[in-house]
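Note sheet for the following structure.
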Amino acid sequence: MSVKVLFFASLRERLGRSEMLLDSNSALSVREVWEQGSGEASLPANVLVSVNHVYADAETSVKPGDEVAFFPPVTGG
Amino acid sequence: MSVKVLFFASLRERLGRSEMLLDSNSALSVREVWEQGSGEASLPANVLVSVNHVYADAETSVKPGDEVAFFPPVTGG
Amino acid sequence: MLHVELREAGFEPWQYLAEWQRQQIPAATARSGAAAVFVGTMRDFNEGDDVVEMYLEHYPGMTERQLESIAAEAIQTWSLDDVCIVHRVGEIHPADAIVLVAVWSAHRAEAFTACRHIMEVLKHQAPFWKQEKLATGSARWVEKNTQG
Amino acid sequence: MLHVELREAGFEPWQYLAEWQRQQIPAATARSGAAAVFVGTMRDFNEGDDVVEMYLEHYPGMTERQLESIAAEAIQTWSLDDVCIVHRVGEIHPADAIVLVAVWSAHRAEAFTACRHIMEVLKHQAPFWKQEKLATGSARWVEKNTQG
């Protein structure tokens, strides 16, 4: 099983990736998904996270099969 | 010269008049216009007044040629 | 720009605004980032009674003047681009639009605040009086407006 | 009733609402005494620069879900009759409508408060990201929304 990881907007451009699959057979924290997915050490304070379309934070637990997204502050409307 | 006096809505119905001309060659107060126009002694607190389309009060001075209107609280919108 | 209209004829508020928008020069539309609109519609009940019709009395001359001055003051206070106020007079039926207030400005805070302010001031100062005709056949004057 | 639409195609907000209103059953319209609407339009400048085009990125799936949950929460909180949210995605040009939020309720206070609330929450929570294309040829991400 794997975790689907998505990056949006300026964060997608900065990291040079929009989507990846992270292989994992055990639960991870959002922080760990960020580290493995982005290759960067710590989750920046201005990066927002969702797990399965619901806002989450660095300590949220991620299971295999989940979809995790990282994105900058939203600017719709 | 005269002062034109108007009454609106429930006040018009209660007094049984919508419009009258009050003969006057001198300045009157709104209070005096009410007394002469309505035949009632004192201007009720819930009666609104305008002089020449601008909100006024009992002490506002009225000149010959002016238009004075008395009406209940407004209920538009 | 400031547009005030009193009308006896019914109107469809969204069609009215579509029409108004078409009349604006395109540059003006690109300048206004925000529009806030309020529409008040006649309901078929009030204070527990069925209302079948309403008559809206007004003070010709003063009513237009009050609405124009409310709009002009809002334009000044919130640097609005446009204000459009339409208000019915005379006979009105349930589900008819009674009042339309539309406000255009550069930013949303000003549009929202100004639109709501105009409605509150209109409710308290514009000389209109509603008489309701009830299903029972009797008529009654609405004594005061609901708080906003 | 709750209606959320994301769309690439441009739309005329007042025509959209006229269409929506026609689809409602007449009884529902007579029940709602108040409608409050906000329309956000793309402007042709931002932070002192001429903006010729904009690209609105979103998160398919999450964006719809967020908008629906914002609308549902507002319906609960203010006992609204209807909420309609339309938001553009993809390429947008100056003077295009970007967002439409329309709210129907029995009384004006609830309509005004709910409409403004929905816009604020949408601006802070719905996953959309604006990229501006400037007259100079360069592109830049809008970093944060203006305060409401």
Side-chain angles (χ1 to χ4, degrees), chain C residues 12-22 24-46 50-51 81 93-113 115-120 122-123 145-148, chain D residues 12-22 24-46 50-52 81 93-113 115-117 119-120 122-123 145-148:
Chain C
E12 206 290 307
W14 318 120
Q15 290 293 1
Y16 194 100
L17 288 170
E19 208 45 60
W20 161 278
Q21 196 95 320
R22 265 195 292 277
Q24 305 304 301
I25 44 169
T29 313
R31 174 199 53 189
S32 294
V37 175
F38 179 83
V39 175
T41 300
M42 185 184 157
R43 294 191 294 159
D44 53 9
F45 59 91
N46 189 26
D50 288 338
V51 182
D81 296 324
H93 296 95
D96 281 6
I98 300 173
V99 61
L100 163 66
V101 172
V103 158
W104 284 261
S105 70
H107 302 289
R108 71 186 186 283
E110 285 76 8
F112 275 123
T113 304
C115 186
R116 189 167 188 168
H117 175 85
I118 289 172
M119 270 306 299
E120 294 313 310
L122 182 158
K123 286 248 172 197
N145 266 328
T146 51
Q147 289 300 309
Chain D
E12 204 290 309
W14 318 121
Q15 291 292 1
Y16 194 100
L17 288 171
E19 208 46 60
W20 162 277
Q21 195 93 324
R22 265 195 291 278
Q24 304 305 300
I25 43 168
T29 314
R31 175 198 54 190
S32 295
V37 176
F38 179 82
V39 174
T41 301
M42 185 185 158
R43 294 192 294 160
D44 53 9
F45 58 92
N46 189 27
D50 289 338
V51 182
V52 294
D81 296 324
H93 297 95
D96 280 6
I98 300 172
V99 60
L100 163 67
V101 172
V103 157
W104 284 262
S105 70
H107 301 289
R108 70 186 187 283
E110 286 75 7
F112 275 123
T113 303
C115 186
R116 188 167 190 168
H117 174 85
M119 271 305 301
E120 294 313 310
L122 183 158
K123 286 247 171 197
N145 265 329
T146 51
Q147 289 301 310

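Given the structure is predicted, the values throughout are model-derived calculations rather than measurements. Residue numbers start from 1 in every chain, and the chains themselves are labelled A, B, ... in the order their sequence lines are given, proteins ahead of strands.
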Given C:Glu12, C:Glu120, C:Met119, the one with more heavy-atom pairs under 4.5 angstrom with chain D than any other is C:Glu120
Could you have a look at C:Ala36, C:Ala102, C:Ala18 and say which one has the most heavy-atom pairs with chain D under 4.5 angstrom? C:Ala18
Between C:Glu19 and C:Arg22, is the closest basic N to carboxylate O distance under 4.0 Å? yes
From D:Asp96 atom CG to D:Thr41 atom OG1, the distance as rounded to the nearest 0.5 Å: 8.5 Å
Partner residues of D:Glu110 under the side chain to side chain donor-acceptor pair (under 3.5 Å) criterion, sequence neighbours left out: none
Per-residue contact mode, C:Ala97 against chain D (heavy atom under 4.5 angstrom): neither
Hey, are the side chains of C:Cys115 and D:Phe38 touching, using non-hydrogen atoms and a 4.5 Å cut-off? no
